[in-house]
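Have a look at the structure below, then the notes.
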Amino acid sequence: MQMQLHLGNTQTVTPQMIASVAVLQFGAQELSEYLEEMSYENPMMDIQEPEQKETAPLTTAITDKYRWLTAHDLQNRRYYTDTYRDSVDQYLHTDQAESLCDFLKEQILTLEVTSEMQAAMETVAELLDGRGFFTGSLREIEKLTPCDRETAARALETVRRMEPVGVGSENVQQALLLQLREKPVARRLIEEHFRHLGTWSDQRIARAMGVSEEAVHRAKAHVAALNPYPSNGFASREEIQYVTPDLSIVEADGAFRVLAEDGYLPTVRINQAYLRMLETEKDPEVQAYLKNKLRQLEQIMGNLDRRKSTLVRCGEIIANRQAPFFRGESLRKLILRDVAEELGLHESTVSRAVKNKYVQCARGMFPMSAFFTRDVGQNVGISRSRIQDEMMRIIDGEDPRKPLSDEKIVAELQKRRIMLSRRAVAKYRAELGVPSASGRKHSAAI
């Protein structure tokens with residue numbers, strides 16, 4: 001038998017490492033629950049819930065800035081995590097967003113109708129589902145208002161004539177048809193072949209409709225640019241939840257400072273009674289047990305310190321790299337690798353650190369992950385927010401009497417060396433709340 005010597009590196013993942021990673025990744029609520037659970041398991045650990053009182057005043061110029069920041073908090077709500085979104089713009093748009101129900105009620109107030117009719121219309125607005133559709137019955141309107149059947153029917157039809165087009169429809173097909181009054185071929189496509197759009201070829205649909213294949217292609221393009229759900233772009237009253245910021249970024253004397261917002265967390269302390277028992281206990285088994293729990297507590301406290309330090313360091317890089325944004329400009333390009341290299345950490349560690357964490361600043365509250373950009377398709381080095389900014393410049397500069405189609409916006413973006421498909425332009429335009437070319441022309445005419 002021949003003996004051989006091999007050298008190599010191995011990495012062992014210990015329970016302590018797993019616990020450290022878990023604490024780093026926990027959001028505010030998860031961390032509070034974790035500490036409470038650990039306090040039940042570890043007699044050496046005491047937790048003191050945060051006092052419901054104002055925090056101690058800050059010093060120097062930070063004081064006024066922080067008070068101003070608190071007074072001008074425009075948004076404190078839960079935002080949805082989407083790994084394919086890279087911009088805080090989506091959260092900025094929701095600052096002033098209102099629910100579809102409230103938007104309809106504002107329109108109802110401008111109508112000269114009886115109080116009974118107004119109440120019935122408001123009932124319809126409140127009965128819309130999360131998509132902006134009315135899937136109930138006239139009987140529901142009658143019972144909830146209350147009113148007679150005729151008033152309920154008129155209230156529903158009046159709401160269906162309001163903005164946004166398609167509101168109160170029964171389904172997607174009806175909502176699309178209401179938006180296609182001036183597009184006869186596209187309207188026929190939805191009326192006759194809505195269920196075939198995903199299965200039939202353009203050639204087969206063209207033969208069935210008796211039109212050219214190119215006409216079907218154009219009709220599909222019109223449909224793709226429409227809004228299938230009237231509630232898109234409006235806040236959801238049911239899903240708004242409040243969150244607590246993990247960091248605050250405030251500006252003082254021309255520089256940004258990052259503050260850890262950990263006052264919401266319980267304070268972790270050593271239980272003095274059990275500590276004295278450890279010092280006086282003679283039973284070796286009890287002493288070994290308490291020593292083990294003390295080591296566990298020290299590890300928890302160390303993990304909390306590392307979590308706080310890592311968060312603040314990530315926040316400081318965000319504050320430095322995205323300083324133009326905090327002063328009211330657009331988001332700059334920043335990727336996780338940049339932060340990881342600057343901190344000397346692995347990219348996955350930074351990813352865990354920013355996950356489910358929120359930053360409070362003068363412009364509102366945002367998930368930390370929203371400050372990291374992604375390249376869009378073949379547009380290397382150009383973030384999603386930059387592309388949307390260019391789109392808005394193009395749209396703002398168009399002739400309102402002849403708004404640019406999505407195809408022409410594609411061409412204008414190409415002149416700026418931004419390559420997007422027509423479908424991507426339509427998607428971004430919808431996210432920005434910009435109507436299609438026909439919708440913009442109609443608004444200009446009004």
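- Heavy atoms only, all atoms of each residue included: E342 and R321 are closest at OE1-NH2, 3.1 Å.
- Sequence neighbours left out, not one pair with a member in residues 164-174 passes side chain to side chain donor-acceptor pair (under 3.5 Å).
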query: Going through the checks in order, is the side chain to side chain contact (heavy atoms under 4.5 Å, CB included) test met by V124 and I141?
result: CA-CA 7 Å; V124 172; I141 304 172; 3.6 Å; yes
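- Formation of a donor-acceptor pair under 3.5 Å by the R422 side chain with backbone atoms of D406 is not found in this model.
- Of all the heavy atoms in P435 and R429, the pair that sits closest is C-NH1, 3.2 Å.
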- request: Give the intermediate values and the outcome of side chain to side chain contact (heavy atoms under 4.5 Å, CB included) for residues L104 and L128.
  value: CA-CA 11 Å; L104 290 171; L128 298 179; 3.4 Å; yes
message: Is there a salt bridge (charged side-chain N to carboxylate O under 4.0 Å, His left out) between E412 and K408? Walk through the geometry before answering.
response: CA-CA 6 Å; E412 290 296 322; K408 290 183 179 178; over 6 Å; no
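- Every salt bridge (charged side-chain N to carboxylate O under 4.0 Å, His left out) that D262 has, sequence neighbours left out, goes to K308.
- Contact annotation: the side chain of E49 approaches that of P266 to within less than 4.5 Å [non-hydrogen atoms, C-beta and beyond].
- Between Q179 and N227, the closest side-chain pair of non-hydrogen atoms falls below 4.5 Å.
- Rounded to the nearest 0.5 Å, atoms CZ (R417) and CD (E390) are 13.0 Å apart.
- With hydrogens and angles disregarded, no donor-acceptor distance shorter than 3.5 Å links the side chain of E106 to the backbone of F103.
- The backbone N or O of E163 sits less than 3.5 Å from a side-chain atom of Q107, completing a donor-acceptor pair.
- In this structure, Q360 CD and T244 OG1 are separated by 10.5 Å, a value rounded to the nearest 0.5 Å.
- Formation of a donor-acceptor pair under 3.5 Å by the S309 side chain with backbone atoms of D305 is not found in this model.
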field: side chain to side chain contact (heavy atoms under 4.5 Å, CB included) assessment of L226 paired with H222
entry: CA-CA 7 Å; L226 301 178; H222 288 308; 5.8 Å; no
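- The two residues S351 and L336 make their nearest non-hydrogen contact at CB-CD1, 4.0 Å.
- R307 has its side chain within reach of L31: a pair of non-hydrogen atoms, C-beta onward, lies under 4.5 Å apart.
- V172 is listed as a side-chain neighbour of Y229, based on a closest heavy-atom distance under 4.5 Å.
- A salt bridge does not link R295 with E298: every distance from a Lys NZ or Arg NE/NH1/NH2 to an Asp or Glu carboxylate oxygen is 4.0 Å or more.
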query: Going through the checks in order, is the ring pair (Phe, Tyr, Trp, His ring centres under 6.0 Å) test met by F371 and F326?
result: CA-CA 11 Å; F371 292 99; F326 295 112; 5.5 Å; yes
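- A 4.5 Å side-chain heavy-atom check between D246 and N356 finds every atom pair outside the cut-off.
- Residues M391 and I418 have side chains not in contact (no heavy-atom distance under 4.5 Å, counting atoms from C-beta outward).
- Residues L278 and Q287 meet the side-chain proximity criterion, which asks for heavy atoms closer than 4.5 Å.
- Among the candidates T123, T145, V113, the single residue satisfying the side-chain contact (heavy atoms from CB on, under 4.5 Å) test with Q118 is V113.
- Between I318 atom CD1 and I249 atom CD1 the span is 6.5 Å, to the nearest 0.5 Å.
- Taking both residues in full, the closest heavy atoms of V167 and V159 are given as CG1-O, 3.3 Å, listed atom of the first, atom of the second, then distance.
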- request: Starting from the C-alpha separation in whole Å, work towards a yes-or-no answer on side chain to side chain contact (heavy atoms under 4.5 Å, CB included) for R363 and F325.
  value: CA-CA 9 Å; R363 299 187 69 180; F325 168 81; 3.1 Å; yes
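- Between V258 and A319, the closest heavy-atom pair is CG2-CB, 4.1 Å.
- Here the CD1 atom belonging to I190 is positioned 12.0 Å from the CG atom belonging to L178, to the nearest 0.5 angstrom.
- Between atom CZ of residue F26 and atom NZ of residue K355 there is a gap of 11.0 Å, rounded to the nearest 0.5 Å.
- E157 meets the salt bridge (charged side-chain N to carboxylate O under 4.0 Å, His left out) test with R160; sequence neighbours excluded.
- The 12-atom threshold is not exceeded at OH of Y274, counting heavy atoms of other residues, nucleotides or ligands nearer than 6.0 Å.
- Taking 4.5 Å as the limit, some side-chain heavy atom of T158 sits within range of a side-chain heavy atom of M117.
- Rounded to the nearest 0.5 angstrom, F134 CZ and D129 CG are separated by 10.0 Å.
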For residues 35-44, which side-chain N or O atoms pair as donor and acceptor with protein atoms under 3.5 Å away, sequence neighbours left out?
unit_1	atom_1	unit_2	atom_2	d
E36	OE2	Y40	OH	2.9
S39	OG	E36	O	2.6
N42	OD1	M44	N	2.9
N42	ND2	K293	O	2.9
N42	ND2	Q296	OE1	2.9

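- For the salt bridge (charged side-chain N to carboxylate O under 4.0 Å, His left out) test, no residue two or more places apart in sequence or in another chain qualifies with R313.
- Across I47 and M45, no two heavy atoms sit closer than the pair CG2-CE, 3.7 Å.
- A search for salt bridge (charged side-chain N to carboxylate O under 4.0 Å, His left out) contacts involving R327 returns E251, not counting sequence neighbours.
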